[in-house]
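A short worksheet on the structure shown next.
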Amino acid sequence: MLVAIAGNPNTGKSTIFNELTGAHQHIGNWPGVTVEKKEGEMSFEGERIRVVDLPGTYSLTAYSLEERIARNFIIEEKPDVIIDVIDSSNLERNLYLLTELMELSDRIVVALNMFDEAKRKYKIDVNKMSQLLGIPVIPTVATRGFGISDLQKVIVKGEFKIKKFEYPSDVEERIKKIENEIEEMGLKNARWHAIKLIENDVDVISKFRNEKKILHLAEHMRHEIEDIYGGDIETLMTSFRYSFAHGLFHEVAERINVGGVTITDMIDYVVAHKIFGIPIFLAVMYLAFNFVFLVAAPFQDIIDFAFNGKDVAGGHINGLIDISYMWMSSFLPQWASSLINYGILRGLAAVLTFTPIIMLLFLVLSILEDSGYLARVAFLMDRITRKMGLEGRGIIPLMLGFGCNVPAVMATRALKNEKERKLSMALNPLVPCGARIQVFAFITSIFFTNNQALVLWSLLILSMIVVFVMGFIYSRTIFKGEGEPFVMELPPYRVPTLKGITVHMWEKSEGFLRKAGTIIVGAATIIWFLAALPWGVKYGSPQSYIGQIAFLIAPAGKYLGLTPQAIIALIFGFFAKEVVIDVLFVLYGTKGAIAIAMTPLQAYSFLLFILFYTPCVATLATIYEEAKSLKFVTFVVLEGLLLAIVFSFAAYTIGLALGVGT
Amino acid sequence: MKLSDLKAGETGVVKNVLGSGAIHTRLLSMGILPGAVIRVVRTSPLGDPVIYEIRGFFISLRKKEAEYVEVDKIVPLHLVPPGSDVHVVLVDGGVGFIRNLNSMGISIGKKIKVVERCCPMRIRTDLGEFTIGMGMAYRIYVR
């Protein structure tokens with residue numbers, strides 16, 4: 001048995017899905033796109049039922065990716081039951097989707113979710129609604145698990161005697177004519193196809209492109225309806241469906257109070273204020289960041305120290321990896337022990353050190369999203385981010401990028417538009433993450449002791465300008481959108497539930513650990529091989545493969561002012577940016593030696609290179625997991641390298657010509 | 001006039017939704033249809049986008065999108081100053097509500113006079129003088 005969950009966005013669809021399936025779920029993407037697909041399994045009295053969560057949509061037209069995914073799934077996979085999750089506190093508009101679903105399926109269960117919230121606005125006659133529609137209607141409060149068992153029961157045992165809503169008789173007649181023709185073809189969902197043909201639905205029209213007779217009939221019918229009622233067909237057909245939704249709404253719901261100032265109004269008055277809105281947003285982000293890094297830092301330090309140990313004055317405190325290496329070396333060949341510990345185990349440690357920050361960032365992000373604040377951010381920032389081709393929510397991943405690009409890339413899911421998501425992912429690595437800023441702080445402290453802050457500022461400002469300019473260019477070229485409208489609902493503010501937040505946080509972190517984690521450990525192993533081979537060389541030394549590669553490209557590096565040692569550091573930096581510091585230390589020995597190995601100009605060129613070049617493997621692995629496209633990952637890698645080369649080369653050449661910092 | 005011409009706090013009734021393709025269908029499926037009442041709630045810091053209230057929920061539209069929506073400006077009865085004569089253009093409610101108003105002589109196209117605004121509101125219609133609650137006045141739109 002197959003059950004599909006449909007519904008508007010912000011109705012608690014995911015919560016219903018989670019409540020139905022419990023832990024038995026799988027999160028992936030719909031084929032070929034970055035839209036999330038959730039699948040799970042529930043069992044009822046021994047029967048195993050497959051449950052698929054469809055993308056949240058307001059209707060089922062052919063003009064948006066989510067809507068096409070949802071309706072194609074219903075047509076092709078023919079779910080046995082569709083659950084329509086409805087936000088009962090916003091009944092009329094939510095019932096509109098039901099009118100569209102009713103044209104595709106007879107077996108629909110209505111889940112009147114957020115029923116508690118609705119009770120403050122209307123009195124809803126659930127039984128009457130069920131009678132009028134001829135299908136089960138179940139009030140639920142998914143966040144508290146209320147109504148879920150009833151829902152499960154009617155999925156299997158419910159009675160479905162659906163009373164389809166009808167268009168005005170002169171429209172019905174015409175639908176019937178086309179429907180008869182389609183039925184003769186032996187096609188399923190004849191009525192739905194007939195309606196969509198009349199409505200001039202681009203997908204269905206192209207499906208019938210070889211059926212000239214039917215197309216012609218549909219066009220004829222369309223013009224007749226337009227003549228009778230006056231207006232364009234889309235407006236007319238939508239109006240017919242809405243008037244059903246409107247009528248049903250007034251039949252089953254009685255408003256308790258009308259007008260008056262709601263809590264949402266009051267919060268919005270402050271938070272979405274013309275003048276205070278943006279400062280409040282910046283303050284919220286500042287607090288959120290401080291919270292995340294304040295709490296995450298000690299955990300990261302502990303994990304890092306436990307695995308990697310610590311360099312202290314005059315020596316090194318061994319971490320678990322060092323200890324395990326020494327222990328394994330007693331019974332394994334030295335190379336094998338080194339591979340296991342300094343390759344694989346070190347990769348694993350890197351994954352683990354990312355985990356606290358990812359969990360915390362998603363904790364904060366879930367609170368912002370579930371409370372409804374994220375929609376207000378989109379409203380406030382839209383005018384600014386639009387220049388970069390992103391809707392207002394696009395600001396969030398960019399800001400998160402300053403902390404860590406990994407959760408930032410994952411946060412691009414907040415963007416609903418496929419093109420904007422990819423654009424946002426392409427821009428994100430250009431935002432310097434905390435690890436890169438750490439490297440900047442270290443290098444500037446050696447070379448720019450007098451104006452360290454100024455140099456750091458110049459890098460940050462430059463990155464912001466580049467992000468903005470690249471966004472501007474991309475959104476008008478490779479990531480040019482089809483002008484999808486930005487019609488966004490602003491849900492009422494809600495108190496996020498602990499369960500909702502933790503589930504979301506766990507989903508994200510688990511996904512990162514399992515999927516991206518594997519890629520990171522793999523990359524760590526490859527880097528180990530490059531640094532340890534050929535046999536017998538010192539790990540990561542100029543004689544190793546990494547060293548040889550560095551010396552091979554060194555002649556080219558000269559134009560950018562990069563020393564071979566700097567190039568080795570950069571290659572290791574691909575694994576994790578903060579490693580650049582360690583490698584420079586290993587290769588040069590002391591801080592003083594680093595200071596004389598490069599001129600300040602070379603150091604600045606090096607900094608510019610680090611600012612833009614290829615993001616770390618964890619970020620790339622995450623981008624791959626989100627976009628599921630190697631081509632796109634390659635694009636991100638090349639974009640970074642190219643920008644790094646251009647900026648380093650320009651800075652170094654101009655610096656040399658002007659004789660600055662040489 | 002265009003929806004984008006309405007100022008914060010003003011209300012309009014949708015006359016027509018222009019455009020084609022994605023924008024057109026999206027606006028329609030959000031319930032922005034001829035006859036629907038739409039209110040401007042607030043504008044963003046840079047004047048665009050704008051939050052609107054329609055059918056009891058809030059949406060944000062960019063100026064470009066709001067330009068596709070043609071509206072007539074209307075005023076909810078509770079905002080009409082006492083002493084004014086107005087025409088009823090729209091009543092937002094179910095059958096019972098409409099029947100109730102009809103019995104007082106309030107229906108679309110009828111002229112009514114606001115005698116006293118608050119509270120409760122007193123109005124004069126063809127059928128005489130009536131008292132109505134603010135909750136009702138809120139759902140009667142006039143021009």
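In what follows, every heavy atom counts, from backbone to side chain, and hydrogens, waters and symmetry copies are set aside. Residue numbering restarts at 1 for every chain, and letters A, B, ... go by the order of the sequence lines. Predicted, not measured: the structure shown is a model, and the values here were computed from it.
Within a 6.0 Å radius of OH in Tyr68(B), no more than 12 heavy atoms belonging to other residues, nucleotides or ligands are found. Crowding of Lys113(B) atom NZ: a count of heavy atoms from other residues, nucleotides or ligands under 6.0 Å exceeding 12.
For a heavy-atom cut-off of 4.5 Å, chain B lies close to Asn90(A), Glu92(A), Arg93(A), Tyr96(A) in residues 87-96 of chain A. Contact residues of residues 233-242 of chain A toward chain B are Glu234(A), Thr235(A), Thr238(A), Ser239(A), Tyr242(A) (heavy-atom distance under 4.5 Å). Inspection of non-hydrogen atoms places Phe379(A), Leu380(A), Asp382(A) of residues 375-382 of chain A under 4.5 Å from chain B.
Between Pro45(B) and His273(A) the shortest heavy-atom distance is CG-O, 4.2 Å.
Atom CD1 of Ile278(A) and atom OG of Ser44(B) lie 7.5 Å apart (nearest 0.5 Å).
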task: Take Asp265(A) and Phe58(B) through the side-chain contact (heavy atoms from CB on, under 4.5 Å) test and state the conclusion after the steps.
output: CA-CA 10 Å; Asp265(A) 281 333; Phe58(B) 298 99; 3.6 Å; yes

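With a 4.5 Å cut-off on non-hydrogen atoms, Tyr269(A) touches chain B through its backbone and its side chain both. Contacts between Glu67(A) and chain B at a heavy-atom distance below 4.5 Å involve the side chain alone, from C-beta outward. Proximity to chain A (any heavy atom under 4.5 Å) is restricted, for His24(B), to the side chain, taken from C-beta onward. If you measure heavy-atom distances from Asp232(A) to chain B, the contacts under 4.5 Å come from the side chain alone. For Thr25(B), the part lying under 4.5 angstrom from a heavy atom of chain A is the side chain only. With a threshold of 4.5 angstrom between heavy atoms, His246(A) approaches chain B through side-chain atoms but not through N, CA, C or O.
A 4.5 Å side-chain heavy-atom check between Arg26(B) and Tyr63(A) finds every atom pair outside the cut-off. Contact of the Glu391(A) side chain with the Arg62(B) side chain is registered, since non-hydrogen atoms from C-beta on lie closer than 4.5 Å. Taking the side chain as every heavy atom from C-beta outward, Leu490(A) and Ile59(B) never approach each other to under 4.5 Å.
The main-chain N or O of Phe57(B) is never found under 3.5 Å from a side-chain atom of Glu489(A) such that the two would form a donor-acceptor pair.
Among Leu33(B), Asn16(B), Leu46(B), Ile54(B), the residue with the largest count of heavy-atom pairs under 4.5 Å with chain A is Leu33(B).
Remark: Thr43(B) engages Lys274(A), Val50(B) in a side-chain contact (heavy atoms from CB on, under 4.5 Å) (not counting sequence neighbours).
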